[in-house]
Amino acid sequence: MLTQCDRFTHAMGLGLLLTPLFSLADEVPGRWFKEREKNALLAAIIEQDIPGLLQLDSHDQIEIVDTHNDTKRPTQGPKPVKVISINLRAKMELYNLRNKKLRHGDKRENELAQEPSLRMNVGVMENNPIYGRAEIEWQRKTKRKSAAQPERQTKLELNQAYVGLAENIIPYTHFRLGRWLYRDEREWLFDENLDGIVAQSKLGDWHLEALGGRVNYWQKDLLDRSTRSTEPVNIGSLILRKKIANKWQMGAYTVAQYHGDNYDRQLNIGLRSHNPAKKGLQHWVELGMSEKHQSDSDKRGYAVDLGGTYRFEDRALQPRVTLGYAFGSQDYRQTGLHSNEATLGGSTKFKIYGETLNPDLTNLHIFTASLGMELSQQATLDVVYHRYHQARLSDFANNQTALSSKYDRQNTRYLGSGVDMVLGWKPTDNTKVEAIVGMFSPSKRFASASSPHSPRSEKAYSIGLEAEIRF
């Protein structure tokens, strides 16, 4: 039985989506009839062989522009159907995390990983109303922790395999059925391969995405049967966007997860605004709520993530300045399908909450400041600073981060600060190199005692390098 608070949370989630959906429903019939009128007029013009170019004005009305016959543009036919296309990508990733346990002296835990990979992407019947795509990736991963023997693993992962239906079959809507990669803005909700179905509908300035599926319902690694999920997690999501101007979009979302075996469930709802413009000011705003029900507890929380980047286009190196703030309450939980990766106007994605600490947005205040620049037409550089505070004083081990600590006196909510240097270089269209160096400096709370001479956790460092060639 739902409690009053449960009904309130679910009602709010439905309200966030239904209000703009009613507006969209009111707009659909009128736009559908407009499209029919335009198509009929276009057919009549073609039949009468009227010279000139066809354009649409700002009110979606057809306008005939006289070109005096000598500058007539040829009519573009449909794109040719590609029976099969194959793309290859070779990549090498190196990652080193020093002082993962934030220890002082002995027994510090470090991590080193290297991963060459080869990815093959195959498209079938592209530009056809019914088409397909598959993506297979070979990986050879070597991972070493401290002085332990290296762990080696060879994988052959099925990243994508789906059948698609273009809008030729169902107007304004694309379908994908099978396994597909799904990412949202800043990968704040999704960066995951899902098995199921996704429908993407676009009508005018409105864009609706509806998906349902599971993670690893089918086997992920073709060489390892255990990579098929034995604990089913059903996922359903609605994401609604409306174009405001140019690349600026506002919208709402709901993401529901249901664990079939233990009856756990999680609901994330929110409002958002994103403008990734390459000129002038770009911004992002995320307002989210989460409700997680487990057999022994119910947790509800909320989060805010907002900021902006301004590019000085008339200055040398076109510098970019970013300021951001993110807050997640003690009981807020992200979807678990996210990766929190984006750019701040540069060419390289990185962990938006810090490469070394790499936290989820739970029980945290994160202040961000960044300076970026264009070193050349092929290279960009970003220097990013983060400052971390707990929302409520609690054991650091409760925060979902890449680091843990030997000492934690819990005498302050200030955790420390981090700095990342992000370099991206793309010398040609089919090659790129990305390097990220990060550092996390812990606060004085991570010391064995209050004495100024007591052992204190040392800084942690991370280094990532990625080189990629596409064929």
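Just so it is clear, the structure is predicted and the values come from calculations on it, not from any experiment. Reckoned from all heavy atoms, side chains included, excluding hydrogens, waters and symmetry mates. We count residues from 1, following the sequence as given.
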Calculate, to the nearest 0.5 Å, the distance between atoms CG and OG1 belonging to L344 and T368 respectively. 8.0 Å
Should M92 and V433 count as side-chain neighbours, where that means a heavy-atom distance under 4.5 Å? no
For N234 and R214, which I'm curious about, is there any donor-acceptor pair between the side chains at under 3.5 Å? yes
So that I can tick it off, tell me whether R300 and D331 are bridged by a salt bridge, with the cut-off set at under 4.0 angstrom between side-chain N and carboxylate O. no
List the steps and the verdict of ring-ring contact (aromatic ring centres under 6.0 Å, His included) for F190 and Y182. CA-CA 6 Å; F190 290 99; Y182 187 76; 5.1 Å; yes
If you define the side chain from C-beta out and look only at heavy atoms, does anything of L465 sit under 4.5 Å from I463? no
Would you say Y302 has more than 12 foreign heavy atoms packed within less than 6.0 Å of its OH? no
Using the test salt bridge (Lys or Arg N to Asp or Glu O under 4.0 Å), find all partners of R333 that sit at least two apart in sequence or belong to another chain. none
Check the side chains of H386 and S417 for a donor-acceptor pair under 3.5 angstrom, ignoring hydrogens and angles. no
Indicate yes or no for a side-chain donor-acceptor contact from Q294 to the backbone of D298 under 3.5 Å, with no hydrogens or angles considered. no
Basic-acidic side-chain contact under 4.0 Å: E374, R311: yes
Using only atom types and a distance under 3.5 Å, with no angle test, would you say the side chain of T401 pairs donor to acceptor with the backbone of L403? yes
The test is side-chain hydrogen bond (donor to acceptor under 3.5 Å, both in side chains); show your working for S339 and E187 and say whether it passes. CA-CA 6 Å; S339 63; E187 298 171 17; 2.5 Å; yes
Are the charged groups of E93 and K141 less than 4.0 angstrom apart, N to O? no
L102 to S405 - nearest heavy-atom pair and separation: CB-CA, 4.0 Å
Of the non-hydrogen atoms in S457 and P442, which two are nearest, and what is the gap between them? O-CG, 3.5 Å
pair Y253-L189: side-chain heavy atoms closer than 4.5 Å: yes
Verify salt bridge (Lys or Arg N to Asp or Glu O under 4.0 Å) between D264 and K292, making sure each step is shown before the conclusion. CA-CA 8 Å; D264 293 348; K292 187 166 186 177; over 6 Å; no
Kindly check if the number of other-residue, nucleotide or ligand heavy atoms within 6.0 Å of CH2 (W138) is above 12? yes
Heavy-atom closest contact (G301 atom, S329 atom, distance): CA-OG, 3.2 Å
For I235 and Q257, work out which heavy atoms get closest and say how close. CG1-CG, 4.2 Å
Less than 4.0 angstrom from a charged side-chain N to a carboxylate O is my criterion; do E111 and R144 meet it? no
Is the NZ or CZ atom of R387 both under 6.0 Å from the centre of the six-membered ring of Y414 and within 45° of that ring's axis? yes
Pair H104-Y407, side-chain donor/acceptor within less than 3.5 Å: no
Inspect the contact between R241 and E185 and indicate whether a charged nitrogen and a carboxylate oxygen are less than 4.0 angstrom apart. yes
Residue K91 excluded, over 12 heavy atoms near NZ under 6.0 Å: yes
Any donor-acceptor N or O pair under 3.5 Å, side chains S85, E126: yes
Would you call R108-E458 a salt bridge at under 4.0 Å N-O? yes
For R98, check salt bridge (Lys or Arg N to Asp or Glu O under 4.0 Å) against everything at least two apart and list the hits. none
Using the ring centroid of each side chain, check whether F446 and F396 are separated by less than 6.0 Å. yes
T322 vs S370, side-chain hydrogen bond (donor to acceptor under 3.5 Å, both in side chains): CA-CA, chis, key distance, verdict: CA-CA 5 Å; T322 300; S370 171; 4.5 Å; no
Close aromatic pair by centroid cut-off 6.0 Å: F367 and Y388: no
Any Lys/Arg nitrogen of D184 or R272 sitting under 4.0 Å from an Asp/Glu carboxylate oxygen of the other? yes
Going by heavy atoms in the side chains, are E109 and K145 under 4.5 Å from each other? yes
Check the surroundings of atom CG in D429: do more than 12 heavy atoms from other residues, nucleotides or ligands lie under 6.0 Å from it? no
Salt-bridge contact K155-D221 (side-chain N to carboxylate O under 4.0 Å): no
E468 with R89: basic N within carboxylate O range, under 4.0 Å: yes
Intermediate values then yes/no, salt bridge (Lys or Arg N to Asp or Glu O under 4.0 Å), K349 and E434: CA-CA 9 Å; K349 290 197 303 184; E434 299 175 350; over 6 Å; no
Taking the side chain as every heavy atom from C-beta outward, state whether N363 and Y332 have any pair of such atoms under 4.5 Å apart. no
Look up atom CD in E209 and atom NE2 in H174, then write down how far apart they are to the nearest 0.5 Å. 12.0 Å
Could you give me the CA-CA distance, side-chain angles and deciding distance for D360 and T362, then say whether side-chain hydrogen bond (donor to acceptor under 3.5 Å, both in side chains) is met? CA-CA 6 Å; D360 279 3; T362 298; 5.4 Å; no
Will you find, in the side chains of E286 and H274, an N or O donor that is under 3.5 Å from an N or O acceptor? yes
Within a 6.0 Å radius of atom NZ on K101, are there more than 12 heavy atoms belonging to other residues, nucleotides or ligands? no
Do Y310 and R320 have side-chain heavy atoms sitting under 4.5 Å apart? no
Contact summary for G438 and D420, nearest pair of heavy atoms: CA-OD1, 3.2 Å
Can a salt bridge be assigned to the pair K351 and E355 using a cut-off of 4.0 Å between side-chain N and carboxylate O? no
Pick one: which of T309, N275, D305 meets side chain to side chain donor-acceptor pair (under 3.5 Å) with W284? D305
State whether E341 and R186 are salt-bridged, where the test is any N-O pair (Lys NZ or Arg NE/NH1/NH2 against Asp/Glu carboxylate O) under 4.0 Å. no
Side chains of N399 and Q390 only: does a donor on one sit below 3.5 Å from an acceptor on the other? yes
Please tell me whether N159 and K220 have a donor and an acceptor in their side chains that are separated by less than 3.5 angstrom. yes
Tell me whether D195 contacts the main-chain N or O of Y217 through its side chain, where contact means a donor paired with an acceptor under 3.5 Å. yes
